[in-house]
Amino acid sequence: MSTPFPFTAVVGQDDLRLALLLNAVSPAVGGVLVRGEKGTAKSTAVRALSALMPTLDVVSGCRFSCDPGSPDPACPDGPHEPGAFATRPARMVELPVGASEDRLVGALDIERALAEGVKAFEPGLLADAHRGILYVDEVNLLHDHLVDLLLDAAAMGASYVEREGVSVRHASKFLLVGTMNPEEGELRPQLLDRFGLTVEVAASREPDQRVEVVRRRLAYDDDPQGFAARWANEEAAVRARIVAARALLPSVRLGDGALRQIAATCAAFEVDGMRADIVMARTATALAAWAGRTEVLAEDVRQAALLALPHRRRRNPFDAPGLDEDRLDETLEEFSGESEGEGEGDEDPDPDGPGGGGGQPPSEGPQADGGSGARPEAGEDGEPQASGAGEQSAARAAEPFRTKVLSVPGIGEGAAGRRSRARTEHGRTTGARRPRGALTKLHLAATVQAAAPHQRARGRSGRGLVVRRDDLRQATREGREGNLVLFVVDASGSMAARQRMSAVKGAVLSLLLDAYQRRDKVGLVTFRGAAADVALPPTSSVDAAAVRLESLPTGGRTPLAAGLLKAHDVLRVERLRDPARRALVVVVTDGRATDGGAARSASGRGGGRATGGTEPVALAGRAARLFAAEGVASVVVDCESGPVRLGLAGQLAGELGGTAVTLDELRADSIAGLVRNVQGTSRRAA
């Protein structure tokens with residue numbers, strides 16, 4: 001077993017270390033979600049925490065880590081007789097993003113269950129993590145069906161395995177720790193709320209601190225055991241402090257004043273439900289115990305709010321998590337003296353009194369400012385004569401709205417999601433087949449039907465059915481998949497009028513919000529001037545797409561063909577990376593094409609940039625027919641405005657083999673089912 005990097009040797013990251021330590025003191029806090037860019041010691045700190053956790057007493061021979069003092073009466077390995085027990089370190093169990101359902105919850109031997117009536121159960125990761133740590137790296141990429149199982153186990157403190165009427169239940173109480181890079185997508189709100197605390201981490205911009213990080217990492221890589229030995233005293237001191245804080249925790253008093261501050265803070269920030277209040281109360285109590293005090297102070301409440309509320313403030317995926325600290329201080333100050341004199345033995349909650357704050361102060365990292373500098377407003381709707389001439393600053397997006405479902409026709413086999421029909425492990429049963437690997441979903445009727453003709457030949461004499469492995473049938477199910485929604489956005493001068501581009505961005509943001517809810521990957525290609533750019537390669541982060549769209553400038557000519565060819569290249573590369581995920585191309589344009597230089601070069605014609613006329617239009621038509629030939633589902637959002645309309649977007653949709661819809665029709669109340677299934681033939685249509 002490799003030697004983990006010492007927890008106390010992690011440089012900086014005060015909030016991260018404090019949040020993990022508070023959960024070690026009080027597992028009831030509810031776990032930690034660590035958000036941040038790659039390479040910021042997220043996984044290193046989490047893995048190092050397990051070495052600081054106190055040891056556990058477990059029933060000898062129990063695969064489910066029952067506490068000998070209060071064993072689970074429904075334990076599959078029970079009933080447990082009082083007696084022998086063993087002491088072992090707390091486990092840290094890692095849940096891989098690509099794990100199967102059986103690996104997470106455990107598996108039943110279906111063949112023995114049917115033939116012998118025996119509950120032969122192989123425990124999964126939820127059993128291994130009982131009374132320990134369950135760690136999910138890249139938790140935002142976890143499949144929905146695994147998220148649902150985690151939610152159930154976290155809510156009930158138990159895991160249930162159901163297979164065709166045969167069920168097993170076992171206790172599963174664990175400290176849930178997840179790490180994620182927000183650029184790769186956000187978490188479902190249900191899972192987000194299950195994490196007690198959240199912290200944002202970022203690499204230090206201080207040269208001295210970065211030097212120390214590199215120095216310690218190199219020293220650890222050269223001699224892990226020797227490096228760990230040098231930090232052994234610090235590790236032992238923190239471990240002893242955790243044990244002392246746990247012992248002190250039941251004696252910590254949460255006075256009426258602190259409790260009122262907690263309730264007032266949650267109400268002021270309009271968090272949903274009551275879980276935030278409970279988590280804040282437990283966190284503030286753990287902070288006091290960690291500081292060696294028996295009274296919760298105002299600093300504990302403030303620190304608890306900074307750790308427990310930011311991720312509960314999000315109303316949609318485009319909201320940045322965070323807390324207005326000035327407003328927090330005003331709320332705490334307003335309710336600081338309400339309970340003076342109330343209760344028996346209330347102490348003066350003096351912030352500067354003995355004991356100080358509740359731990360390490362929150363780090364003051366730089367906040368990203370998504371705004372752009374002021375620039376002149378755009379003029380009339382028209383195209384500058386030269387590429388780049390007349391470039392305008394980015395227009396702000398209009399308010400997003402609810403859209404109708406854009407789906408890919410046919411039945412796919414992509415990653416689980418909520419957009420298009422697909423053959424999945426979950427959903428309604430549509431048939432049965434022989435299993436191609438491990439049996440996961442038994443089709444009972446088909447299995448009995450396959451076994452029935454052979455009962456006499458197999459010497460059946462009793463009531464039980466003689467079932468062989470060849471008789472087992474896998475249920476085929478139909479559910480929903482996530483798609484790659486690739487946006488191809490016209491940012492040329494013909495789209496540059498401020499009000500018009502604002503409406504266009506609002507429509508794309510609405511579709512991005514829909515993509516987030518349906519668990520899609522998204523990509524963004526823009527075209528203007530003489531070329532097209534991949535503003536955002538395919539990703540699961542709709543946040544990143546929204547940021548790129550918000551800062552998108554406009555101006556120049558309209559290289560429509562170049563934009564389509566760039567999108568075609570993106571799909572070709574992504575098809576190699578993720579061949580099962582089907583694509584939906586959403587082209588947002590007025591249909592004009594006034595430049596074909598880049599597309600002409602790609603087509604082998606050579607020469608310079610076209611100056612207008614029919615050639616750019618013809619090149620755009622040729623590029624569009626590439627999508628139609630490959631059966632790529634597409635929809636054109638027609639942005640043409642004014643009393644005279646040329647209908648160019650509709651012609652483009654015809655070349656693509658897709659459907660055209662206006663900005664007004666894109667709204668859920670106006671589209672009337674027009675794009676419930678995008679016209680065109682899916683490359684993988686059944």
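Being a predicted model, the structure only gives us computed values, none of them experimental.
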Backbone N or O of [Y] within a donor-acceptor pair of the [X] side chain at under 3.5 Å?
| X | Y | answer |
| --- | --- | --- |
| S65 | V58 | no |
| R205 | A203 | yes |
| R312 | D193 | yes |
| R480 | R419 | yes |
| R216 | A9 | yes |
| D77 | R63 | yes |
| R282 | A28 | yes |
| Q261 | L332 | yes |
| Q13 | T40 | yes |
| R548 | A535 | yes |

Spacing of [X] atom [atom1] and [Y] atom [atom2] [to the nearest 0.5 Å]:
| X | Y | atom1 | atom2 | value |
| --- | --- | --- | --- | --- |
| L524 | D533 | CG | CG | 10.0 Å |
| C266 | M280 | SG | CE | 5.0 Å |
| M180 | L192 | CE | CG | 8.0 Å |
| E295 | R253 | CD | CZ | 5.0 Å |

Could you tell me whether [X] and [Y] have a side-chain N and a carboxylate O separated by less than 4.0 Å?
| X | Y | value |
| --- | --- | --- |
| D329 | R302 | yes |
| D578 | R575 | no |
| E330 | R327 | no |
| R581 | D520 | no |
| D72 | R169 | yes |

Side-chain contact, heavy-atom cut-off 4.5 Å: [X] with [Y]?
| X | Y | answer |
| --- | --- | --- |
| L142 | L95 | yes |
| V547 | L536 | no |
| H170 | P76 | yes |
| L22 | W290 | yes |
| L571 | L484 | yes |
| F174 | L125 | no |
| F85 | D67 | no |
| V252 | R293 | no |

Partner of V177 by side-chain contact (heavy atoms from CB on, under 4.5 Å), out of I133, D137, V139: I133

Steps toward side chain to side chain contact (heavy atoms under 4.5 Å, CB included) verdict (R217, T44): CA-CA 11 Å; R217 185 69 210 190; T44 298; 4.2 Å; yes

Pair D222-F227, side chain to side chain contact (heavy atoms under 4.5 Å, CB included): steps then yes or no: CA-CA 9 Å; D222 289 341; F227 184 82; over 6 Å; no

Which heavy atom of [X] sits nearest a heavy atom of [Y], and at what distance?
| X | Y | value |
| --- | --- | --- |
| S60 | A86 | OG-N, 3.6 Å |
| L126 | A153 | CD1-CB, 4.0 Å |
| M92 | S50 | CB-CB, 3.8 Å |
| V522 | F487 | CG1-CE1, 4.3 Å |
| A24 | L49 | CB-CD1, 4.2 Å |
| E481 | A580 | OE1-O, 4.3 Å |

Trace of the side chain to side chain contact (heavy atoms under 4.5 Å, CB included) decision for V199 with L20: CA-CA 10 Å; V199 291; L20 292 172; over 6 Å; no

Parallel, tilted or perpendicular: ring planes of F5 versus Y220, cut at 30 and 60 degrees: perpendicular

Pair R275-R194, side chain to side chain contact (heavy atoms under 4.5 Å, CB included): steps then yes or no: CA-CA 9 Å; R275 183 173 283 117; R194 291 293 179 185; 2.7 Å; yes

Counterpart residues, side chain to side chain donor-acceptor pair (under 3.5 Å), relative to K521 (two or more places apart):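 Only E574 meet the side chain to side chain donor-acceptor pair (under 3.5 Å) criterion with K521.
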
side-chain hydrogen bond (donor to acceptor under 3.5 Å, both in side chains) assessment of Y135 paired with T179: CA-CA 8 Å; Y135 172 48; T179 56; 3.1 Å; yes

Pair T8-E234, side-chain donor/acceptor within less than 3.5 Å: no

